[in-house]
Amino acid sequence: MNWDTIEGNWKQLAGQTKAQWGKLTGDDLREIAGRRDQLAGKIQERYGIAKDEAERQLEEWAAKADDSWLG
């Protein structure tokens, strides 16, 4: 799924995001609001990982995302 689709459907995908990165809070997810850079930063912060690792995880997650997640 491309990031524009993810951002546009963020409220529906927030649960999948929480399932992948359980350390993210509801407040984090509201603050992120589908913005990829914000999500990468929160993943780095909560998990203590490097930016390139957070980006790699995001790429994998987005590649697995499909329309079944929307509904």
Side-chain angles (χ1 to χ4, degrees):
M1 186 176 293
N2 71 43
W3 202 261
D4 289 334
T5 302
I6 291 169
E7 188 171 2
N9 293 284
W10 184 249
K11 287 184 180 182
Q12 292 159 302
L13 294 171
Q16 293 290 341
T17 308
K18 180 76 172 159
Q20 177 72 30
W21 296 284
K23 291 183 181 179
L24 296 177
T25 67
D27 286 342
D28 289 339
L29 296 173
R30 282 186 290 282
E31 181 182 325
I32 291 162
R35 295 184 308 258
R36 182 187 170 98
D37 60 328
Q38 293 287 321
L39 179 53
K42 287 295 181 183
I43 293 168
Q44 284 179 260
E45 180 183 324
R46 296 285 183 241
Y47 287 89
I49 60 175
K51 181 178 182 176
D52 61 332
E53 175 60 18
E55 290 291 338
R56 186 193 65 73
Q57 290 182 19
L58 276 174
E59 286 295 323
E60 282 184 10
W61 181 80
K64 290 189 296 188
D66 63 29
D67 290 342
S68 71
W69 288 16
L70 299 175

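Just so we're clear, the structure is a prediction, and the values are computed from it rather than from any experiment.
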Chemist: Filter on salt bridge (charged side-chain N to carboxylate O under 4.0 Å, His left out), then keep only pairs touching residues 41-51, sequence neighbours left out; what's left?
Modeler: Asp28-Lys42, Asp28-Arg46, Glu31-Lys42, Lys42-Glu45

Chemist: Take Lys64 and Gln20, measure what side-chain contact (heavy atoms from CB on, under 4.5 Å) needs, and give me the verdict at the end.
Modeler: CA-CA 11 Å; Lys64 290 189 296 188; Gln20 177 72 30; 3.6 Å; yes

Chemist: Is there a side-chain contact between Leu39 and Leu24, using heavy atoms and a 4.5 Å cut-off?
Modeler: yes

Chemist: Taking all non-hydrogen atoms of both residues into account, name the closest pair between Tyr47 and Gly22 and its distance.
Modeler: OH-N, 3.0 Å

Chemist: In this structure, are over 12 heavy atoms from other groups packed under 6.0 Å from Lys11 atom NZ?
Modeler: no

Chemist: Decide, yes or no, whether a salt bridge links Glu53 with Arg56 under the criterion of side-chain N to carboxylate O below 4.0 Å.
Modeler: yes

Chemist: Determine whether Arg36 and Glu7 make a side-chain contact, defined as any pair of heavy atoms from C-beta on separated by less than 4.5 Å.
Modeler: no

Chemist: Looking only at side-chain N and O atoms, does Thr25 offer a donor or acceptor that is under 3.5 Å from a partner on Asp27?
Modeler: no

Chemist: Do Leu58 and Trp21 make a side-chain contact, defined as non-hydrogen atoms from C-beta onward lying under 4.5 Å apart?
Modeler: yes

Chemist: Measure the spacing between CH2 of Trp10 and CZ of Arg30 and express it to the nearest 0.5 Å.
Modeler: 12.0 Å

Chemist: Any idea which heavy atoms bring Ile43 and Ala54 closest together, and the distance?
Modeler: CG2-CB, 4.0 Å

Chemist: Rounded at 0.5 Å granularity, tell me how far CD in Glu60 sits from CD in Glu55.
Modeler: 12.5 Å

Chemist: Decide yes or no for Asn9 and Trp69: does some side-chain heavy atom of the first lie under 4.5 Å from some side-chain heavy atom of the second?
Modeler: no

Chemist: Using a distance-only test with no angle check, is there a side-chain donor-acceptor pair under 3.5 angstrom linking Trp61 and Gln16?
Modeler: no

Chemist: Would you compute the distance between atom CG of Leu70 and atom OG1 of Thr5 and round it to the nearest 0.5 angstrom?
Modeler: 8.0 Å

Chemist: Of the non-hydrogen atoms in Leu29 and Lys18, which two are nearest, and what is the gap between them?
Modeler: CD1-CB, 4.1 Å

